[in-house]
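A short write-up of the structure that comes next.
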Amino acid sequence: MAQVGSGDFVYEQMLDFAKLPPGMAFGKIPSVATDSQDRLYVFQRAAIPTLIFDRDGNYLSAWGSGIMTDPHGLRSEEHTSELQSRLHL
């Protein structure tokens, strides 16, 4: 497998990491984010714009259908003092 980076920041390509439900395929993906529970949020240009996976690539859920039509970015922001998490679209 291909690796990039150096020192403490070495990353390895994992082919077929995300396990999509049958019949679902990725659209164009402008952004991804993770949260403090190691969930992966995939923000895509498709009928279902936000897909959520666990740390092992298992599909958890999706949201945003009919709300977002041309997504551009996503980030996760942790607020430990307020004990809350936010996703910024």
Side-chain angles (χ1 to χ4, degrees):
M1 298 225 171
Q3 288 187 339
V4 297
S6 62
D8 292 334
F9 302 100
V10 176
Y11 304 93
E12 185 174 312
Q13 179 184 12
M14 297 178 69
L15 298 175
D16 300 322
F17 168 77
K19 299 161 190 78
L20 291 167
M24 188 180 282
F26 285 117
K28 293 180 181 178
I29 301 172
S31 187
V32 297
T34 58
D35 67 13
S36 62
Q37 296 177 9
D38 290 335
R39 291 177 294 209
L40 173 67
Y41 295 82
V42 177
F43 207 34
Q44 62 174 351
R45 294 184 182 132
I48 303 172
T50 309
L51 305 176
I52 306 166
F53 300 89
D54 69 13
R55 70 176 300 129
D56 297 315
N58 298 306
Y59 174 82
L60 298 175
S61 64
W63 53 270
S65 295
I67 299 171
M68 297 168 272
T69 57
D70 193 20
H72 285 77
L74 171 76
R75 81 168 193 245
S76 174
E77 184 177 294
E78 301 294 326
H79 292 278
T80 54
S81 62
E82 299 172 21
L83 297 175
Q84 65 181 1
S85 297
R86 295 183 193 170
L87 281 177
H88 296 273
L89 307 172

Nearest heavy-atom pair of G27 and Q44: which atoms, and what distance?
N-OE1, 2.7 Å
Might you confirm whether atom CZ of F17 has over 12 heavy atoms from other residues, nucleotides or ligands at distances under 6.0 Å?
yes
Quick one: CE on M14 to CG on D56, what's the gap to the nearest 0.5 Å?
8.0 Å
Find the distance between CZ (R39) and CG (N58) and round it off to the nearest 0.5 Å.
14.0 Å
Please say which of W63, F43, F26 ends up in a side-chain contact (heavy atoms from CB on, under 4.5 Å) with L51.
F26
With a sphere of 6.0 Å drawn around CG of D38, does it hold more than 12 non-hydrogen atoms of other residues, nucleotides or ligands?
yes
Using side-chain contact (heavy atoms from CB on, under 4.5 Å), reason through L20 and F53 one step at a time and then give a plain yes or no.
CA-CA 9 Å; L20 291 167; F53 300 89; 3.7 Å; yes
Residues S65 and P49: closest non-hydrogen pair is N-CD, 3.7 Å
